[in-house]
Amino acid sequence: MSRYIMHLVHRKGDGRWHVEEEGGSSIGAFETKDEAEMAGRMRATRLHEDGRDAQLVVHLEDGSIETEYAYGLEPSAMPIVE
């Protein structure tokens with residue numbers, strides 16, 4: 001089974017922070033980045049507890065990557081930037 005990848009991104013259209021599946025399907029929209037990050041990390045934790053590898057990629061407003069959180073991935077398979 002492949003890892004489940006989510007992205008936390010800011011959408012200028014509505015000014016909210018969105019947690020999205022890889023490919024763009026929305027999981028949720030939040031007023032603050034902290035709320036969105038917490039929701040994404042909780043979802044990744046639940047997936048990992050259910051036996052699935054998960055990853056949350058957190059982006060800055062400009063779209064660049066700020067940090068990544070990996071759940072259940074081998075360290076050599078997925079570097080984590082913090």
Side-chain angles (χ1 to χ4, degrees):
M1 186 181 304
S2 64
R3 71 178 162 220
Y4 183 84
I5 302 172
M6 298 173 288
H7 292 267
L8 190 163
V9 297
H10 186 261
R11 296 282 175 235
K12 291 182 182 181
D14 66 4
R16 300 176 82 188
W17 290 91
H18 294 256
V19 178
E20 301 175 344
E21 293 178 335
E22 182 108 324
S25 296
S26 181
I27 295 169
F30 304 86
E31 293 298 321
T32 69
K33 185 176 184 180
D34 287 341
E35 290 172 327
E37 187 170 332
M38 185 179 353
R41 293 185 72 176
M42 288 174 56
R43 183 178 179 99
T45 298
R46 283 192 307 273
L47 288 164
H48 177 60
E49 288 170 350
D50 289 341
R52 184 132 188 227
D53 291 341
Q55 179 181 353
L56 175 63
V57 181
V58 179
H59 296 266
L60 297 170
E61 281 191 50
D62 69 4
S64 62
I65 294 174
E66 177 180 16
T67 192
E68 299 178 35
Y69 299 100
Y71 299 79
L73 302 173
E74 293 295 324
S76 61
M78 183 66 234
I80 299 177
V81 179
E82 291 197 72

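Computation of the quantities below employed the complete heavy-atom set of this structure, encompassing side-chain atoms and omitting hydrogens, waters and symmetry-equivalent molecules. For the single chain, residues carry numbers from 1 onward in sequence order.
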Practice prompt. For side-chain contact (heavy atoms from CB on, under 4.5 Å), just list the numbers for K33 and L60, CA-CA rounded to whole Å, side-chain angles, deciding distance to a tenth of an Å, and then say yes or no.
Written response: CA-CA 9 Å; K33 185 176 184 180; L60 297 170; 3.8 Å; yes
Discussion item. Suppose we screen for salt bridge (Lys or Arg N to Asp or Glu O under 4.0 Å). Which residues come up paired with E20, at least two apart in sequence or across chains?
Written reply: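 In terms of salt bridge (Lys or Arg N to Asp or Glu O under 4.0 Å), with neighbours along the sequence ignored, E20 is linked to R11.
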Practice prompt. For R41, enumerate each residue passing the salt bridge (Lys or Arg N to Asp or Glu O under 4.0 Å) test, keeping only those at least two apart in sequence or located in another chain.
Written response: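 Result, salt bridge (Lys or Arg N to Asp or Glu O under 4.0 Å) vs R41: none returned.
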Fill in: Cluster overlap Y69 with F30, hydrophobic side-chain contacts below 4.5 Å
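Per the 4.5 Å side-chain linkage, Y69 and F30 are co-clustered.
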Worksheet item: Among the clusters formed by ILVMFWY side chains lying less than 4.5 Å apart, do I5 and I65 turn up in the same one?
Response: yes
Closest heavy-atom contact between [X] and [Y]?
X: S26; Y: G28; result: OG-N, 3.5 Å
X: A44; Y: M6; result: CB-CE, 3.7 Å
X: H48; Y: G72; result: CE1-CA, 3.3 Å

Discussion item. What I'd like to find out is whether the side chain of L47 reaches to under 4.5 Å of the side chain of Y71, using heavy atoms alone.
Written reply: no
Item to complete: Taking the side chain as every heavy atom from C-beta outward, state whether I27 and R43 have any atom pair closer than 4.5 Å.
Response: yes
Worksheet item: Between atom CG of L8 and atom CD of E68, what is the distance when rounded to the nearest 0.5 Å?
Response: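 Those atoms lie 12.5 Å apart.
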Discussion item. Hydrogens and angles aside, do S64 and D62 bring a side-chain donor and acceptor to less than 3.5 Å of each other?
Written reply: yes
Fill in: Pairing residues for H59 by the ring pair (Phe, Tyr, Trp, His ring centres under 6.0 Å) criterion, not counting sequence neighbours
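Applying ring pair (Phe, Tyr, Trp, His ring centres under 6.0 Å) to H59 gives H7.
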Worksheet entry | Step-by-step side-chain contact (heavy atoms from CB on, under 4.5 Å) determination, E37 to W17 | CA-CA 9 Å; E37 187 170 332; W17 290 91; over 6 Å; no
